[in-house]
Q: 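Handing you this structure, nothing more for now.
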Amino acid sequence: MRILIIALARSGGYQLNEWLALELGYKMIHEPIRRNASIEGYNIVVKYVLNEIEYSKDVDYTNWDKVIGLTRLNIKECAISQSKAVQQNEWRKRYEVSDEWLNENDADINHFEEWIRNQIKFFNNIKEIELKVTYEGIYHTKEDIQRIKDYIGITNPKYEHLLDSTNRLRKTKGTKSKLI
C-alpha cells in the first residue's frame with residue numbers, strides 16, 4: 001500500500017508519518033521534495049508538508065492508495081510553533097515559550113497566522129484528500145486516531161503511544177515524552 005500524508009506545517013505530521021510507518025512496517029519518507037528522496041515503490045508512508053506541494057506540479061495524487069490530510073484548528077498555537085521553528089531553524093527539537101517571548105514575537109506570530117489561514121484555504125481545495133484529520137483530533141481528543149485506524153485498516157496498534165500529547169514539541173510543565 002502507498003499512503004500519502006499532506007500536512008500543514010507544525011501540525012504533528014512527522015509524528016503521524018512515523019506512527020503509520022511503524023504500525024504498518026512500511027518505509028517512512030518525510031518531506032521528499034526537500035530531501036530529493038524517491039517516492040517509488042510500495043509499502044511506503046510519505047508525508048509532504050502543505051507549503052512544499054503548493055506550487056509543485058510533480059505531485060500525482062492518483063498514485064496513492066490512501067490520502068490523509070492533516071491540519072490544525074488552533075491557528076495561534078500553530079503560528080507560535082512556526083515562529084519558534086523559523087527563529088531557531090530547528091524543526092524537530094522540543095522548545096519552550098515564555099510570555100516575554102510571545103510579546104517580543106507578536107508581529108511574526110501574526111504574520112504566520114495569516115500564512116496558515118492561506119495554507120488551510122489551499123488544503124481545503126485538494127479534493128483528493130480522502131480523510132481529513134486535525135492535530136487536536138489526534139493529540140487532544142484522540143477521536144481522529146480511530147478514524148485513521150479504520151481508514152488504513154489498523155486493528156492491533158503497537159505504537160499508538162507515539163500520538164500522545166506528551167510527545168508534542170512544545171514543552172509544558174510536568175510532561176515527559178513517551179518514546180518507542
Side-chain angles (χ1 to χ4, degrees), residues 1-24 26-37 39 44-56 58-59 61 64-86 88-95 112-113 115-126 128-149 151-152 154 157 159-170 177-180:
M1 182 169 21
R2 293 172 50 82
I3 301 170
L4 174 63
I5 300 168
I6 301 170
L8 176 68
R10 315 311 290 167
S11 65
Y14 180 91
Q15 205 71 15
L16 179 60
N17 190 202
E18 181 179 47
W19 172 66
L20 282 174
L22 284 169
E23 290 292 3
L24 298 167
Y26 286 8
K27 180 179 179 181
M28 174 182 161
I29 303 171
H30 178 73
E31 299 178 9
I33 292 174
R34 292 184 201 276
R35 291 165 173 64
N36 198 26
I39 58 167
I44 60 173
V45 182
V46 177
K47 183 218 123 185
Y48 284 106
V49 72
L50 191 57
N51 59 296
E52 185 178 50
I53 64 168
E54 187 173 11
Y55 302 106
S56 176
D58 296 335
V59 179
Y61 298 109
W64 301 93
D65 299 304
K66 302 288 183 178
V67 181
I68 300 171
L70 174 63
T71 60
R72 197 160 173 174
L73 299 173
N74 190 328
I75 292 172
K76 181 74 151 188
E77 285 294 315
C78 190
I80 290 168
S81 182
Q82 182 73 17
S83 296
K84 191 70 169 179
V86 167
Q88 294 183 328
N89 196 28
E90 288 284 347
W91 302 94
R92 292 288 316 138
K93 188 176 180 182
R94 294 194 78 179
Y95 67 93
F112 281 119
E113 283 183 275
W115 178 77
I116 292 162
R117 283 187 192 91
N118 289 327
Q119 289 285 289
I120 291 172
K121 285 178 190 173
F122 173 70
F123 173 89
N124 287 331
N125 287 318
I126 301 173
E128 293 85 359
I129 297 174
E130 297 171 336
L131 178 65
K132 291 183 179 181
V133 296
T134 66
Y135 173 95
E136 292 80 3
I138 293 172
Y139 300 98
H140 296 304
T141 68
K142 308 278 186 199
E143 64 192 29
D144 284 342
I145 295 173
Q146 188 60 51
R147 292 178 62 224
I148 295 166
K149 290 189 301 189
Y151 177 65
I152 300 297
I154 297 170
Y159 300 99
E160 199 169 306
H161 64 278
L162 292 175
L163 301 178
D164 190 90
S165 62
T166 59
N167 289 325
R168 64 184 284 182
L169 294 177
R170 184 169 171 183
S177 295
K178 295 180 181 175
L179 303 175
I180 297 177

Q: Can you name the nearest heavy-atom pair linking L4 to Y61, along with the distance?
A: CD2-CD2, 4.0 Å
Q: What distance do I116 atom CD1 and R72 atom CZ have between them, rounded to the nearest 0.5 Å?
A: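 Result: 8.0 Å between the selected atoms.
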Q: Answer whether the closest heavy-atom distance between the side chains of I138 and W19 falls below 4.5 Å.
A: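 In short, these two side chains do not touch, never coming nearer than 4.5 Å.
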Q: Run W64 and I39 through side-chain contact (heavy atoms from CB on, under 4.5 Å) and show every step you take.
A: CA-CA 11 Å; W64 301 93; I39 58 167; 3.8 Å; yes
Q: So, for P32 and Y48, which heavy atoms are closest and what is the spacing to 0.1 Å?
A: CG-CE2, 3.3 Å
Q: Quick one: CH2 on W115 to CD1 on I75, what's the gap to the nearest 0.5 Å?
A: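 Spacing of CH2 (W115) from CD1 (I75) equals 12.0 Å.
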Q: For T71 and L8, which heavy atoms make the closest approach, and how far apart are they?
A: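 Nearest heavy atoms, T71 then L8: CA-CB, 4.0 Å.
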Q: Return the CD to OH distance between Q15 and Y135, rounded to the nearest 0.5 Å.
A: 10.0 Å
Q: Between the main-chain N or O of V67 and the side-chain N or O of Y151, is there a donor-acceptor pair closer than 3.5 Å?
A: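 Looks like yes, one N/O pair under 3.5 Å.
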Q: Evaluate the criterion side-chain contact (heavy atoms from CB on, under 4.5 Å) for residue pair K142 and D164; output intermediate values, then yes/no.
A: CA-CA 9 Å; K142 308 278 186 199; D164 190 90; 4.2 Å; yes
Q: For the CG atom of N51 and the CG atom of N118, what is their distance to the nearest 0.5 Å?
A: 12.0 Å
Q: Is V46 close to Y26 at the side-chain level, that is, under 4.5 Å between some pair of heavy atoms?
A: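 Result no, sub-4.5 Å side-chain heavy-atom pair not found.
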Q: With sequence neighbours excluded, tell me which residues meet salt bridge (charged side-chain N to carboxylate O under 4.0 Å, His left out) with E31.
A: R34, R35, K47
Q: Where the side chain of S83 meets the backbone of A79, is there a donor-acceptor pair that is under 3.5 Å apart?
A: yes
Q: Within the distance-only criterion (no hydrogens, no angle test), does the side chain of Q82 pair as donor or acceptor with the backbone N or O of R10 below 3.5 angstrom?
A: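 Checking the backbone N and O of R10 against the side chain of Q82, no donor-acceptor pair under 3.5 Å is found.
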Q: When you compare the side chain of L163 with that of Y139, does any pair of heavy atoms fall below 4.5 Å?
A: yes
Q: Are the side chain of D65 and the backbone of R2 linked by a donor-acceptor contact shorter than 3.5 Å?
A: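 Checked: pair present.
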Q: Heavy-atom distance under 4.5 Å between the side chains of I6 and K132, does that happen here?
A: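 The answer is no, as the side chains (C-beta and beyond) never meet within the 4.5 Å cut-off.
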Q: Using 0.5 Å steps for rounding, measure from the OG atom of S11 to the CG atom of N74.
A: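 Answer for the OG-CG pair, S11 versus N74, is 12.5 Å.
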Q: Is a donor on one side and an acceptor on the other found under 3.5 Å between the side chain of E130 and the backbone of K66?
A: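 Side chain of E130 to backbone of K66, a donor-acceptor pair under 3.5 Å: no, none is there.
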Q: Are the side chain of D144 and the backbone of E136 linked by a donor-acceptor contact shorter than 3.5 Å?
A: no
Q: Flag the pair E52 / V59 as yes when at least one side-chain heavy-atom distance between them is below 4.5 Å, and no otherwise.
A: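 Not touching, per the 4.5 Å side-chain cut-off.
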Q: Compare all side-chain heavy atoms of I148 with those of L20 and state whether any distance is below 4.5 angstrom.
A: yes
Q: Hey, are the side chains of I44 and K27 touching, using non-hydrogen atoms and a 4.5 Å cut-off?
A: yes
Q: Of all heavy-atom pairs between A7 and G13, which one has the smallest distance, and what is that distance?
A: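 Shortest heavy-atom separation between A7 and G13 comes out as CB-CA, 4.1 Å.
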Q: Is there side-chain contact between Y14 and E18, with heavy atoms separated by less than 4.5 Å?
A: yes
Q: side-chain contact (heavy atoms from CB on, under 4.5 Å) with L70: which of I129, L131, L50, L16?
A: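 Exactly one candidate clears the test, L16.
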Q: Looking at K76, I'd like to know if its NZ atom is crowded, meaning that more than 12 non-hydrogen atoms belonging to other residues, nucleotides or ligands lie closer than 6.0 Å.
A: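 Above 12, so yes.
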